[in-house]
Amino acid sequence: MKFSSTYIVTLGSHSALQILKGAKDEGFKTAVVCTPKQTTLYRNYDKFIDEIIQIDSWASFPQMEKRLIKQNSIIVPHGSFVAYLGMERNKQMRVPYFGNKLVLDWESNRKMQREWMIAADVKVPHKFKKGDKIDRPVIVKSHGAQGGKGYFVAKNQKELDEKLKVFSEEKFIVQEYVIGVPVYIHFFYSPLTEKLEVMSVDKRYETNVDSLGRIPARNQKGLKIEPTFEVVANIPMAIRESMLAEAMAMGDRVINVSKKLVPPKGLFGPFCLETIITSTDEIYVMEISARIVAGTNCFIDGSPYTYLLYDEPMSTGRRIAREIKLAIKKKRLKEVLD
Ligand code: ATP
C-alpha cells in the first residue's frame with residue numbers, strides 16, 4: 001500500500017480540520033464526510049481537504065462505506081463519532097479504522113472505566129453507593145450525559161436529597177466533587193515505537209461554572225444559579241514539570257493495563273486523561289477519553305511538548321497520520337487498524 005494514494009477520512013466536526021491538515025502534511029489524500037450544514041466550513045479548507053463527501057444525515061453513513069473502501073481509505077475517529085453514528089454503527093464500520101474498537105466498550109461505560117483506572121493505580125473520585133451517607137460535596141452525573149450536561153452539585157446530604165426529589169433522570173452516579181483545578185493531558189501511544197508521548201495540555205472553558213467567580217457571592221444570593229459544565233472552548237496550558245513526570249507514569253500504567261483488558265493491542269494512538277489536581281498535588285482522573293480530544297485543537301501548529309520531540313509543527317492529528325505512514329512503510333498497518 002502506498003500512502004500517497006491512501007485517503008485519510010473523518011467526519012466533519014470536532015477535530016476534523018486538525019486531522020485532515022495533519023494527514024495532508026504527511027502526504028496523504030484527504031476527505032471529509034459531512035452533512036449539508038457543515039459543507040461551507042470545509043469548503044473553505046480545500047487547500048488540504050481533497051474531497052468533501054456530503055450525506056443527507058449521519059444515518060446515511062453506512063451507504064458511503066463501499067466507496068470509501070474502494071478508494072483506499074482509513075478512517076480516523078474523533079469525539080463525535082459515537083454521538084453521530086451511535087456505538088453499534090461505529091463498531092460495525094467496515095472501512096479500516098485507526099484505533100482499537102474494543103476499547104470503546106471500556107471508554108463508554110463509567111463502571112468499566114473506573115475499574116480500568118483503579119487497576120492502573122490511578123486516583124479516582126470517591127463514588128457513593130445507593131444509601132451511603134454523604135460526607136463531602138458531590139457531583140451527580142446522569143447516565144450517558146455528554147459534555148457535562150445533566151450534572152448537578154450538592155454540598156451536603158440535605159442539599160442532595162432536596163435536589164434528587166426534582167431530578168428527572170433515573171440512572172445516575174453520585175461522585176465526590178474534587179476541589180482542585182481541571183487539567184486535561186493529551187497523550188499519544190505508539191504501538192510501533194512502544195513509546196508514550198505527551199502531546200499537549202489544556203483546560204476547558206465551561207459555561208457557566210467558569211463564570212461564577214465573576215459575580216461576588218453576595219450578588220449571587222437569591223439568583224439561584226446552579227453551576228453547569230458545558231464546554232465552550234479550550235485553553236492551552238503548560239503544567240509544572242514535576243507533575244509531568246507523574247502524568248507520564250500514569251499514562252504508562254493506563255496503557256499497560258489496557259493491554260490486559262483488551263489484549264493484545266490495548267489502547268493506542270491518542271487519548272486524554274481528564275484530571276483534577278488538588279492543592280496537595282494529588283492527581284485525580286475524572287475520565288479517560290480513548291481518542292483525540294477537542295482540546296488538541298489549540299495545538300494545530302504543535303505544542304511546547306511536541307516542540308521538544310519534533311523539529312516541525314506536530315499536532316495530534318498529524319501524529320496520527322505519521323503513525324499510519326510509519327506503519328505502511330514498516331508493513332505493520334494491521335497493528336494500527338481495526
Ligand atoms: P466529556 O465527555 O466531554 O469529557 P462529560 O459529560 O463526560 O464530558 P466530564 O468530563 O465527566 O463530563 O465532566 C464535565 C465537567 O464537570 C468537568 O470538566 C469538571 O469541570 C466537572 N467535574 C466532573 N467530575 C468532577 C469531579 N468528580 N469533581 C469536580 N469536578 C468534576
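Please read all numbers here as calculations on a predicted model, not as lab measurements. Nothing fancy with the numbering, it's 1 onward along the sequence. Numbering of ligands and ligand atoms starts at 1, following listing order.
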> Just which atoms of ligand 1 are under 4.0 Å from any heavy atom in Y184?
Replying inline: 17 (C), 18 (O)

> For W58, what residues pass the ring pair (Phe, Tyr, Trp, His ring centres under 6.0 Å) criterion, not counting sequence neighbours?
Replying inline: Y84

> Counting both backbone and side chain atoms, is some N or O of R110 under 3.5 Å from an N or O of ligand 1?
Replying inline: no

> Considering residues at least two apart in sequence or located in another chain, which fulfil the ring pair (Phe, Tyr, Trp, His ring centres under 6.0 Å) criterion with F299?
Replying inline: none

>> Using a 4.0 Å cutoff against the non-hydrogen atoms of K141, which atoms of ligand 1 qualify?
In response: 11 (O), 23 (C), 24 (N)

>> As a test of understanding, state which of K141, H126, R110 forms a side chain to side chain donor-acceptor pair (under 3.5 Å) with Q175.
In response: K141

>> Show me which atoms of ligand 1 lie under 4.0 Å from any heavy atom of P125.
In response: 27 (N)

> Can we call the ring centroids of F167 and F172 under 6.0 Å apart?
Replying inline: yes

>> Below a 4.0 angstrom heavy-atom separation, can you tell me which part of I276, side chain or backbone, both or neither, approaches ligand 1?
In response: side chain

>> Check for me whether K325 meets the cation-pi criterion with F3, that is, NZ or CZ under 6.0 Å from the six-membered ring centre and within 45 degrees of the ring axis.
In response: yes

> Considering H126, E274, R204, which one's heavy-atom position lies nearest to atom 3 (O) of ligand 1?
Replying inline: R204

> When the ring centroid of Y189 is compared with that of F268, is the distance short of 6.0 Å?
Replying inline: no

> Backbone or side chain, does any N or O of V178 fall under 3.5 Å from an N or O of ligand 1?
Replying inline: yes

> Relative to the heavy atoms of Y177, which atoms of ligand 1 are at a distance of less than 4.0 Å?
Replying inline: 28 (N), 29 (C), 30 (N)

>> For E115, is there an ion pair with K111 - N to carboxylate O distance below 4.0 angstrom?
In response: no

> Do R67 and E51 pass the salt bridge (charged side-chain N to carboxylate O under 4.0 Å, His left out) test, and can you show the C-alpha distance, the side-chain angles, and the key distance before you say yes or no?
Replying inline: CA-CA 12 Å; R67 164 178 171 185; E51 267 185 55; 2.6 Å; yes

> Under 3.5 Å, N or O to N or O, is S289 touching ligand 1 that way?
Replying inline: no

> Should the proximity of Y284 to ligand 1, defined as any heavy atom under 4.0 Å, be assigned to the side chain, the backbone, both, or neither?
Replying inline: neither

> Which atoms of ligand 1 have any heavy atom of E176 under 4.0 Å away?
Replying inline: 26 (C), 27 (N), 28 (N)

> Is I139 in contact with ligand 1, taking contact as a heavy-atom separation below 4.0 Å?
Replying inline: yes

